[in-house]
Amino acid sequence: MDDALSQTSDPEEVEARLAMPLSEAMLTQRSVRRVDPGPVEDRTVLRCIELALQAPTASNAQNWEFIVVKDQAVKAALAAQYRRIWAIYATLGRWRSRAARDDREQRVMRSVAWQVKHFEQIPVLVVCCLRRGPWPPLLPKPPLLASSHYGSIYPSAQNLLLAARSVGLGGALVTLPLWSTTLARRALRLPLNVEPCCIVTLGWPKGRYGPKPRRPVGSVAHLDQYGNRPWDGPA
Ligand SMILES: Cc1cc2nc3c(=O)[nH]c(=O)nc-3n(C[C@H](O)[C@H](O)[C@H](O)COP(=O)(O)O)c2cc1C
């Protein structure tokens, strides 16, 4: 099911592509980091964000904010953070030894390295943020609150990725450029009660969508209690 769709700015064509069967979008959506620097229409980006908003949020708070970054200076500020953390991350022993063993890991490493190097040339970065309630802005949340807090952004980010995939845009979810929330806040002029959580990068792909390796369902599905895996093994 490898698929490289051509670029389009035609809203009718965008709508037609969004009718892709859900299972096909899910099966072929993967991190597409290598993208063309050419522009993506604002209305296409907004349509994808509009679909992202169909996701659930805790207490239906809809406390999300999406910063659509196209400005070079803002991208450069986020790219600088990505480069800083990647320089450390890429040299971590675990990554290096895994990558040395595994072809796929090596490909992922190369594709992340490409993205880090060309981050400013990615046409659109959608920074997915959450507005915080009365909890003191800089205090970490206790686990239960943290779970429902951050759980309010990732379903929308996944919807955004699926919408992008259907349209034929290359998308990838990244968090490393936001490792310093202080610097990210400064670059994006976010108030203290708005927290940057992740970025969905968007552009017309240089590569292709297609299947990706995943663990078999029986190895992760437990019946009633942890460890009881009757579906594990050959189908
Ligand atoms: C919470 C989260 C953070 C991630 N952060 C990054 C990142 O900073 N940079 C990056 O290149 N990929 C990042 N990824 C993408 C994963 O590396 C990727 O989804 C994974 O390797 C599986 O590959 P696939 O998306 O192609 O199936 C992140 C994914 C998640 C869910």
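First listed ligand is number 1; within each ligand, the first listed atom is number 1.
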Closest approach of any protein heavy atom to atom 21 (O) of ligand 1, naming residue and atom: R33 NH2, 4.3 Å
task: Indicate the atoms forming the closest heavy-atom contact of W114 with V35, along with that distance.
output: CH2-O, 3.4 Å
Nearest-neighbour protein heavy atom for atom 19 (O) of ligand 1, which is reported as residue plus atom name and distance: S31 OG, 3.5 Å
query: Do S111 and R33 have a side chain donor and acceptor closer than 3.5 Å?
result: yes
task: Looking only at protein heavy atoms, identify the closest one to atom 3 (C) of ligand 1 and say how far it is in Å.
output: T175 OG1, 3.2 Å
query: So, for atom 28 (C) of ligand 1, does the protein have a heavy atom nearer than 4.0 Å?
result: yes
Protein heavy atom at shortest distance from atom 9 (N) of ligand 1: Y82 OH, 2.9 Å
message: Looking at R47 and E15, is there a salt bridge between them, counting it only when a charged N and a carboxylate O are closer than 4.0 Å?
response: yes
field: ligand 1 versus Q158: contacting region, heavy-atom distance under 4.0 Å
entry: neither
- prompt: So, is R214 polar-close to ligand 1, with some N/O to N/O distance under 3.5 Å?
  reply: yes
query: Is there a side-chain contact between N63 and T57, using heavy atoms and a 4.5 Å cut-off?
result: yes
- line: In this structure, atom 23 (O) of ligand 1 is nearest to the protein heavy atom R104 NH2, 3.7 Å
message: Can you name the atoms of ligand 1, numbered from 1 with element, that are less than 4.0 Å from a heavy atom of Q115?
response: 11 (O)
message: Among all protein heavy atoms in this structure, tell me which lies nearest to atom 8 (O) of ligand 1, with the distance rounded to 0.1 Å.
response: L176 N, 2.9 Å
query: Is the number of heavy atoms from other residues, nucleotides or ligands under 6.0 Å of K70 NZ greater than 12?
result: no
query: Is V108 in contact with ligand 1, taking contact as a heavy-atom separation below 4.0 Å?
result: no
Identity of the nearest option to atom 13 (C) of ligand 1, non-hydrogen atoms only, from V112, L173, V116, L161: L173
query: So, is the end of the R165 side chain (NZ or CZ) under 6.0 Å from the ring centre of Y209 and within 45° of the ring's axis?
result: yes
query: Is any NZ, NE, NH1 or NH2 atom of the basic residue among R43 and E50 found under 4.0 Å from an Asp or Glu carboxylate oxygen of the other?
result: no
task: Search all heavy atoms of S219 against all heavy atoms of P216 and return the closest pair with its distance.
output: OG-O, 2.8 Å
